[in-house]
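For the numbers below, each heavy atom of this structure counts, side chains included, while hydrogens, waters and symmetry mates do not. Chain naming here is simple, since letters A, B, ... match the order of the sequence lines and numbering starts at 1 in each.
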Amino acid sequence: MAKAKTKKSKENFFNDVYEVVRLIPKGRVTSYGAIAAFLGMRSGARMVGWAMNASHSERNVPAHRVVNSQGLLTGRHHFETPGTMEKLLKREGVRIVRHQVADFKKLFWNPVTELGL
DNA sequence: GGTCTGACCGGCG
DNA sequence: ACGCCGGCCAGAC
């Protein structure tokens, strides 16, 4: 069993991403890089975004709570409408200024810290 | 089966 | 402060 990980792990990857995103508390946001780091991929943030793209098929995956490290709503264009993302965030009490999360540092939810890896 | 892109990040000049 | 570049993994053509 030298190589226990096979194609099965890749499926788990998407699943893991969804789980972490689902764990994001209401009114909080996190970044792609944070999730990637939590999953063990320091620079795999790109793939997290790719996973989010597939998250449209999944339910209860608040992709709108996931922004880039700048706090910018980079994925807003991939929603039903470009305004859906910030609309949902505002609805949760997150203030959005110029497509960017206000007090991003305060609202930032780090899975590694919060979940205590 | 090789190549390119992708909702990113961090380092370097 | 800003722009450019490589890296990382997986899916689509």
With A:S57 via side-chain hydrogen bond (donor to acceptor under 3.5 Å, both in side chains) - residues at least two apart:
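Once residues adjacent in sequence are excluded, A:S57 has no partner under the side-chain hydrogen bond (donor to acceptor under 3.5 Å, both in side chains) criterion.
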By the salt bridge (Lys or Arg N to Asp or Glu O under 4.0 Å) test, which pairs, at least two apart or in different chains, include something from [range]?
range	value
residues 17-43 of chain A	A:R22-A:E58
residues 88-102 of chain A	A:R65-A:E92, A:E86-A:K90
residues 100-110 of chain A	none

Connected hydrophobic set around A:L88, excluding itself, where side chains approach under 4.5 Å:
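Taking Ile, Leu, Val, Met, Phe, Trp and Tyr as members, A:L88 stands alone, with no cluster partners.
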Could you identify which residues cluster with A:M85, counting Ile, Leu, Val, Met, Phe, Trp and Tyr as linked when any side-chain heavy atoms lie under 4.5 Å apart, either directly or through a chain of such contacts?
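Direct or chained contacts put A:M85 with A:V29, A:V67, A:L73, A:F79, A:L89, A:V94, A:I96, A:V101, A:F104, A:L107, A:F108.
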Among A:D16, A:N110, A:V21, whose side chain to side chain contact (heavy atoms under 4.5 Å, CB included) with A:I35 holds?
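Of all the options given, the one that passes is A:V21.
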What does nucleotides 3-10 of chain B look like as a protein-contact string, B for base, S for sugar-phosphate only, - for none, at under 4.0 angstrom between heavy atoms?
---BBBS-
The criterion is salt bridge (charged side-chain N to carboxylate O under 4.0 Å, His left out); which residues satisfy it with A:K87, sequence neighbours excluded?
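For A:K87, no residue satisfies salt bridge (charged side-chain N to carboxylate O under 4.0 Å, His left out) once neighbours in sequence are set aside.
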How would you list, by chain and number, every residue that makes a side chain to side chain contact (heavy atoms under 4.5 Å, CB included) with A:Q70, sequence neighbours excluded?
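Listed in chain order: A:N68, A:L72.
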Sequence neighbours left out, what passes side chain to side chain contact (heavy atoms under 4.5 Å, CB included) with A:S69? Give chain and number order.
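Testing A:S69 for side chain to side chain contact (heavy atoms under 4.5 Å, CB included), a comparison that skips the adjacent residues, returns none.
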Write out the stems for DNA chain B, ordered by first number and formatted as range with range, counting runs of at least 3 consecutive Watson-Crick or G-U wobble pairs under 3.5 Å.
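Detected stem regions: B:2-6 with C:9-13, B:8-13 with C:2-7.
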Can you measure A:L39 atom CG to C:dA10 atom P for me and round it to whole angstrom units?
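Between P of C:dA10 and CG of A:L39: 12 Å.
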Among residues 94-109 of chain A, which residues get a heavy atom nearer than 4.0 Å to DNA chain B?
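Going residue by residue through residues 94-109 of chain A, none turns out to have a heavy atom under 4.0 Å of DNA chain B.
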